[in-house]
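Note sheet for the following structure.
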Amino acid sequence: MPNMSMQKAPMPSQDPVVRSGNFQEVALGYSLETALEESRRCLQCKHRPCVSGCPVHIQIPDFIHAVSEGDFEKAYQIIHQDSSLPAVCGRVCPQESQCEGKCVRGIKGEPVGIGRLERFVADWHAEHTQEKPQKPQSNGHRVAVVGSGPSGLTCAGDLAKKGYEVTVYEALHLAGGVLVYGIPEFRLPKDIVRKEIEGLKDLGVRIETNVVIGRTLTIDELMQDLGFEAVFIGSGAGLPKFMSIPGENLKGVYSANEFLTRINLMKAYRDGSDTPIQHGKKVAVVGGGNVAMDAARCARRLGAEVTVVYRRTEAELPARREEVEHAMEEGIVFHFLTNPVSIAGNEQGWVSSIRCQKMELGEPDASGRRRPVAVEGSEEEIDVDCVIMALGTSPNPLIKSTTEGLETQKWGGIVVEEDTGRTSREGVYAGGDAVTGAATVILAMGAGKTAAAAIDEYLQAKA
Amino acid sequence: MNRIVKKQILNPSVTLMEVEAPLIARKAEPGQFIILRVDEDGERIPLTVGGYDREKGTVTIMFQIVGATTEKLNHLNEGDMIHDFVGPLGRATHTEGLKKVAVVGGGVGCAIAYPVTKKLYEQGCEVHAIVGFRNRDLVILEKEFEASSTKLLRMSDDGSWGEKGLVTDALRKLIESGEKYDEVITIGPLIMMKFVAKLTREFGIRTIASMNPIMIDGTGMCGGCRLTVGGKTRFACVDGPEFDAHEIDFDEAMARGTTYRDFERHAYETTCNLFREVH
């Protein structure tokens, strides 16, 4: 008999007051009992709408069924067939707009907590299973992957499972891409990322850090000199955008990428870290996406009063609802319909305030969202000593400028065939933010998966 | 991990290291830089390529001991490993087609000015090297400059080495005596480059400055190295590190360069034995 409760079993979390002063994980995860209870809310629909909502097509009803029977290892194996990073996805996927968005239980109540169950299964496996996955028999083909973020790791994992010899090149000193430099510890503990990457190494994936493709080596050198038969480019988002307003280069103005990199990758949040970071007392974060929420919540944890400045309304915030709620619970203040026009500084060149304009929503723009329009004479000044710009990114020019014949969009994104990830260069595939511009972890993983299948088909046909 | 094959003290505060890095040595060009971390959990710092040996597979760096990280780096010896070493990053200095160039270096910036000077000289360009130091104890690479330039002008603040005065004084004299340069390349403290740019603007000589702003990843991700050049935001790591000196907002770059000065001083004092309390 299914559990007909209209609500998801709640996720136990750290108290907002306590957690806004530490960097430990916010959501604590389901207990075994809660997981069993929640798994019984799944109706095991025949038409499986949730699977179609998942960019990597995890067989969701099957894994939930295994959970309901208490066979957690089996549940893990089912997820692992389609996803190389279950512990990551269970934490950072926007399930509400994907699998859970399609769940039948969501029509008259809350959908099944698919993400929470996925996380439970992945964590159970990490805690209880010592066995390493078997390294598959090599098929003798070599593939290079550029970038060790979600798309690259997924592509590498899928190809390794098929017997390809995969080398992943990472520009930074640590593998993981946005999972290690961008998403903070309290949302995705770095230990979990490390374990997922260890799992890939067990499958035979080689990871070369400190190699910048487009500088240390080019795509052509990978294929001609180093003998890789195919290359997947998952080099990620790239250069941060700024607003081009006065005062943007004052001391105390950060891009969200810089602020988060200092904290996450360079561990500036730890006492005694070698990495300097400004501990602002009053911080303004400009933007409304997940990156803005991450930056705001990090600044809060470093002890600041934080204001998020967003030019549309709460309803248009691109960040996940859960992240916005968490931020609000932690005492972060939101100024909606507000847009910065300038930043003022003191005599020493440090930020002293940010001047904003009130906005109102006009006609919908190309993105379908109503365009914010400035209200004349509505300027206000907010006193701050730090401003973090979280406005998105534009693609990194390094690979484009060093790879002849690689077609890109006007804005710099790599052009690919959507259902294969194939670029204009033979044997070169791409996916993730390098193609789409800033998007989500799971979409990047979906692209890595698609490209892995296409690379397999290409190399098998060639062989 | 990259092995240090040679260490040489150039002056009391500047050290040279030759580091095994075959992939980087294959491609490095003057004007480019590398990023290194001394140890696990260390800071990432950019250092301009001071030389390379493509056959031996080594890259030379020269650094001034200014903070905790360079202090730690200076404690390593021949045979020791540098934890991370990545590059070559940034764009190479454009040298093609130049027939007559003045290279103006100041202080530790001369370490970066030298490989450019050498490359220009080797390709048959007439190179006037103007190098300045505070005093004779801080002089580096004198012989190297001498061997790779058509004319070498030595300047020091106190007159203890070469002529007393600023590099801009020497440059002005040369220009006013009728020397016609295709380009001036300047590398050194921001304040010096600012005044070199001011001088050459007067005479309408194209001038390139090598910038060394705060940087983290160095690959075009963090935006920490941004500068205003010609009124636009540019990133030193992927668009530079060299820019048209007449377009750079030097005052802003100088202000941004001091962002972590207090932090760095504190970190240095806790790293350096001189400042440690004696029990």
Side-chain angles (χ1 to χ4, degrees), chain A residues 170-174 177-178 181-182 208-218 221 235-244 248-262 265-268 270 272-278 345 348-350 389 393-398 401, chain B residues 1-2 21 23-24 26-27 32 35-44 67-69 72 83-90 214 216-228 231-233 235 237-239 249 251-264 266-267 270-271:
Chain A
E170 168 56 47
L172 292 172
H173 56 262
L174 193 65
V178 74
Y181 76 71
E208 299 268 357
T209 54
N210 293 329
V211 180
V212 184
I213 302 302
R215 285 283 185 250
T216 319
L217 293 166
T218 62
E221 286 169 327
S235 53
L239 293 162
K241 286 185 187 154
F242 289 91
M243 297 185 78
S244 302
E248 217 168 15
N249 292 339
L250 285 164
K251 290 187 277 183
V253 182
Y254 288 90
S255 76
N257 269 6
E258 178 183 358
F259 189 72
L260 290 170
T261 300
R262 284 181 182 276
L265 178 74
M266 304 309 295
K267 311 209 170 13
R270 288 190 191 159
S273 164
D274 277 355
T275 308
I277 186 112
Q278 190 196 351
Q348 289 80 43
W350 288 93
M389 294 290 181
T393 55
S394 58
N396 191 313
L398 290 187
S401 63
Chain B
M1 298 281 238
N2 299 66
L23 280 182
I24 306 174
R26 222 161 56 100
K27 289 216 175 134
Q32 291 189 297
I35 283 197
L36 65 78
R37 285 202 318 159
V38 176
D39 50 28
E40 184 74 58
D41 289 338
E43 191 188 10
R44 291 172 70 91
T69 301
K72 270 197 232 170
H83 202 280
D84 299 282
F85 202 80
V86 57
L89 300 166
I214 291 168
I216 311 178
D217 66 299
T219 64
M221 187 266 281
C222 82
C225 65
R226 66 187 185 278
L227 301 159
T228 303
K232 289 202 181 91
T233 295
F235 300 95
C237 67
V238 292
D239 301 326
D249 183 338
D251 293 334
E252 179 187 275
M254 280 187 261
R256 283 183 63 78
T258 63
T259 304
Y260 298 111
R261 200 169 49 191
D262 290 345
F263 182 99
E264 274 155 14
H266 175 75
T270 52
T271 307

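Chain letters run A, B, ... following the sequence lines, proteins first and then strands; every chain starts at 1. All of these numbers come straight from a predicted model, not from anything done at the bench.
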Knowing that exactly one of His83(B), Glu40(B), Arg44(B) qualifies, which makes a side chain to side chain donor-acceptor pair (under 3.5 Å) with His173(A)? Arg44(B)

Among Gln32(B), Arg26(B), Lys232(B), Arg256(B), residue most engaged with chain A (heavy-atom pairs, under 4.5 Å): Arg256(B)

Quick check on Tyr181(A) against chain B: is it the side chain, the backbone, both or neither that has a heavy atom closer than 4.5 Å? side chain

Asn257(A) side chain to Met221(B) backbone, donor-acceptor under 3.5 Å: yes

Counting heavy-atom pairs under 4.5 Å with chain B, which one of Leu250(A), Val253(A), Thr209(A) comes out on top? Val253(A)

Nearest heavy-atom contact between Arg226(B) and Tyr254(A) is NH2-N, 4.5 Å

Are the side chains of Arg215(A) and Leu23(B) in touch, meaning some heavy atoms are under 4.5 Å apart? no

With respect to chain A, which residue among Thr258(B), Asp217(B), Thr233(B), Ile24(B) yields the maximal number of heavy-atom pairs within a distance under 4.5 Å? Thr258(B)

Heavy atoms only, distances under 4.5 angstrom: which of Gly220(B), Pro88(B), Gly223(B) has the most pairs with chain A? Name it, please. Gly220(B)

Is the side chain of Asn396(A) donor-acceptor paired with the backbone N or O of Thr219(B) at a distance under 3.5 Å, no angle test? yes

Ranking Ala255(B), Gly90(B), Gly42(B), Gly224(B) by heavy-atom pairs under 4.5 Å to chain A gives rank one to Gly90(B)

Tell me, for Leu172(A) versus chain B, whether the close heavy atoms (under 4.5 Å) come from the side chain, the backbone, both or neither. both

If you measure from CZ on Arg262(A) to CD on Glu43(B), what distance do you get to the nearest 0.5 Å? 7.5 Å

So for Pro240(A), is it side chain, backbone, both, or neither that comes closer than 4.5 Å to the heavy atoms of chain B? both

Against chain B, label Thr261(A) side chain, backbone, both or neither, depending on which of its atoms sit under 4.5 Å from a heavy atom there. side chain

Side-chain contact test, heavy atoms from C-beta onward, threshold under 4.5 Å: evaluate it for Lys27(B) versus Thr218(A) and give yes or no. yes

Leu89(B) versus chain A, heavy atoms under 4.5 Å apart: side chain, backbone, both or neither? both

What part of Arg37(B) gets within 4.5 angstrom of chain A, counting heavy atoms only: side chain, backbone, both, or neither? side chain

Write down the atom of Phe85(B), the atom of Asn210(A), and the distance for their closest heavy-atom approach. N-ND2, 3.9 Å

Most heavy-atom pairs under 4.5 Å with chain A, out of Ala253(B), Gly87(B), Cys237(B), belong to Gly87(B)

